Amino acid sequence: MINYIEFWRHGRAVECTGLENQQGCKPFRGSNPLASAMKNPRVRFAPSPTGYLHIGGARTALFNWLFAKQNNGKFLLRIEDTDLERSKDEYIDQITDALKWLGLNWDEDIVLQSKNNDRHQEMVAKMLKDGTAYKCFLQKEELDNLRKESEQRKEIFRVPQTFRNLSPEKEKALIEEGKSFTVRLKVPKGETEFNDLVYGSIKVQNKDLDDFIIARSDGSPTYNFVVAVDDADMKISHVIRGDDHLANTPKQILVYKALELDVPIFAHLPMILGSDKKRLSKRHAATNVQEYKEKGFTSKVILNYLSLLGWNPDSDKEIFDENELINSFQFKQVQKKSAVFDEKKLLWISQQHLSEMSVRDLMNEIYALNSGWGDGLEWEYLKEVVKLIKDRSKTITEIASMSEIFFTDKLDYDSDLLSKTYNDKSIAIIKDFKSALTSIENWSRVELENIFENLMEQHDVAIGQVMKPIRVALSGIPFGPGIFDLILLLGKDICQIRLRHTLSEVE
RNA sequence: GGCCCGUUCGUCUAGUGGUUAGGACUCAUGGUUUUCAUCCAUGCAACAGGGGUUCGAUCCCCCUACGGGCUGCCA
């Protein structure tokens, strides 16, 4: 078993045919019941539909997906919708939409946990029959009191095992009395150990676990029970999830063992924290995938950044596409400590991606975000617009918003900027520029350069002093595309309109 | 309280029983550029603390502190 764990931690299936002599990489043996599952691993992402897809959930999904793709396995989706109070159908759609947007497509049909209720009941019944679980007639109030008492006495609270070995007659009597009961797993003596792909060997004493409840007094099964049954039914070979489940894993292993099911391999991923080092929550700026989409990050950017939280590629490379991630991902490079989400770095990653994207792809991204973008304008014109501003943008929304200056005749000028930019001299410069434009013969870069040189001479100033007032008049912002590119793309008429408009504002 | 997990620059991280503890983001400074952005260069900045083991510990062991998770008839 250890060999397999080493195997999955360090190597990819294709590298480990058994012919290699790679360290930690042993060939499969047919005797292991999980061997076939391991060649084609089955993993799952199992969100609760109680909110939008969280950024941490997205990373969990991503790592599952990467592992499945890398090893020719299946990536499954299970919706844990058994909490009727909080689960909502609209969230199921939100989550699946977000996963689709990210490109984390799942194999096979979505499993709705709520549909497995009969199966869960069946398994509870089986455990009762097998004697691996028992009916506990301790009432909630009694339990609460006992807990309180031992707290007062500063003792460690343990659930009393009063009903562990109740005779059938007594049991029947209690039921006839109308006593309600929960079903508890009969935790065996000893210890439970497993080898986490990230955290290594984890061992707990079973006595610290208590006979935990697998079915409530209303008959509904509890999480730690259900998750094990469902994972087993779905033939999940590797359970990859957040490390908030680390401490629950031994309980789940006891369920597998009680039901004589194959225990999967576990890999727990460190949490993602906000800038205050607290668990990412609604207190933080943005926590769900949808928000980042709206902020203008492409799915590839999100995937790239998320992959770097809690994992490192064992090289200096930081910009990855999906295929590169699939090829590089390794559990042994996964961090044990939680990682802080840093939007600055996200922006940098985004910028790197944008600079490598084609104008056409960028335009598609812009349209996906805002279908009305550049309405009524020529495709070729829009292409030029994007070409001019793409290298100056960190996000898709930045491109979209900066492109606005190319979409109207008249601009809304910022009065502070105008008063800072214009004085008698700079007003004289744009006036001269305006008349030079009127008499321009060839609408070309060379011609424009000549005009600028003349203006510099006439007014005895450096190019910056010519450029700045013209730029502000034409674009309304003190930065942006090269001035000649700007003028050429806007065209003579719009330039004239904007110069006139500026003059009317400042004079 | 008990159990489990973690702790290298502000952030993401690399790293080894002997290193000037490396890279990336951020920030600062300088350079290139018609502005901005890019790009380049330089700089700031870390081994949580205390004990051991050792000739020598950031690295191995123990303790403490801090942080997180679990401890529920939530998932």
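What's counted below: heavy atoms across the whole structure, side chains too, no hydrogens, waters or symmetry copies. Remember, predicted model here, so these are calculated numbers, not experimental data. To find a chain, count down the sequence lines: A is the first, B the second, and so on, and within it residues start at 1.
Listed nucleotides U8(B), A75(B), C5(B) differ in distance to Lys337(A); the shortest reach to its side chain belongs to U8(B). Across U34(B), C12(B), U38(B), the shortest atom-to-atom separation from the side chain of Gln351(A) is found for U38(B). With C73(B), A75(B), C5(B) as the candidates, the nucleotide lying closest to the side chain of Gln113(A) is A75(B). The side chain of Met467(A) lies closest to U34(B), out of U34(B), C4(B), C12(B). Among A75(B), U26(B), C36(B), the nucleotide with an atom closest to any side-chain atom of Arg392(A) is C36(B). For Gln352(A), whose side chain is taken as the heavy atoms from C-beta onward, the closest listed nucleotide among C4(B), U35(B), C39(B) is C39(B).
Nucleotide C66(B): paired with G6(B) (Watson-Crick or G-U wobble, both distances less than 3.5 Å). Using N1 to N3 plus N6-O4 or O6-N4 for Watson-Crick, or N1-O2 and O6-N3 for G-U wobble, each under 3.5 Å, C27(B) pairs with G43(B). The partner of G18(B), taking Watson-Crick or G-U wobble pairs whose two distances both stay under 3.5 Å, is C55(B). Pairing for U38(B) is absent, judged as Watson-Crick or G-U wobble with the two contacts each under 3.5 Å. Pair assignment for U33(B) gives none, since no Watson-Crick or G-U wobble pairing has each distance under 3.5 Å. Searching all strands for a Watson-Crick or G-U wobble partner of G1(B) with both distances below 3.5 Å returns U71(B).
Contact annotation for Leu138(A): base contact, defined as any heavy-atom pair under 4.0 Å involving a base atom. Counting non-hydrogen atoms under 4.0 angstrom, Arg147(A) reaches the backbone sugars and phosphates but no base. Nucleic acid contact class of Gln335(A) (heavy atoms, under 4.0 Å, all strands): sugar-phosphate only. Within 4.0 Å (heavy atoms only), Ile483(A) reaches at least one base atom of the nucleic acid. Contacts of Pro481(A) with the nucleic acid, taken as non-hydrogen atoms under 4.0 Å apart, include base atoms. Counting non-hydrogen atoms under 4.0 angstrom, Lys344(A) reaches the backbone sugars and phosphates but no base.
With ring centers used as reference points, His501(A) lies under 6.0 Å from Tyr413(A). Annotation: Phe331(A) is not in aromatic contact with Phe63(A) [ring centroid separation under 6.0 Å not met]. Side-chain rings of Phe484(A) and Phe452(A) approach one another, their centers coming within less than 6.0 Å. His245(A) and Tyr223(A) have their aromatic ring centers within a separation under 6.0 angstrom.
Rounded to a whole angstrom, the distance from the C1' atom of U16(B) to that of A75(B) is 43 Å. For U20(B) and U58(B), the P atoms lie 14 Å apart once the distance is rounded to whole Å. With both ends at atom P, the span from A65(B) to U29(B) equals 43 Å, rounded to whole Å. To the nearest whole angstrom, the two P atoms, one in G49(B) and one in G10(B), are 13 Å apart. On the P atoms, G72(B) is 23 Å away from G67(B), given to the nearest whole Å. The P atoms of C63(B) and C4(B) are separated by 11 Å, rounded to the nearest whole Å. To the nearest whole angstrom, the two P atoms, one in U26(B) and one in C55(B), are 47 Å apart. Across C9(B) and G23(B), the matching P atoms stand 16 Å from one another, rounded to whole Å.
Asp210(A) has a carboxylate O that lies under 4.0 Å from a charged side-chain N of Arg158(A), or vice versa, which qualifies the two as a salt bridge.
A donor-acceptor contact under 3.5 Å is not formed by the side chain of Thr222(A) with the base of C73(B).
Looking at which nucleotide of RNA chain B each of Asp208(A) and Lys345(A) is closest to, the 5′-most match is held by Asp208(A).
In this structure, Phe194(A) and Phe266(A) have perpendicular ring planes: the angle between them is above 60°, well past the 30° mark.
At A24(B), none of the side-chain N or O atoms of Lys317(A) fall inside 4.0 Å of OP1 or OP2 (strictly under the cut-off).
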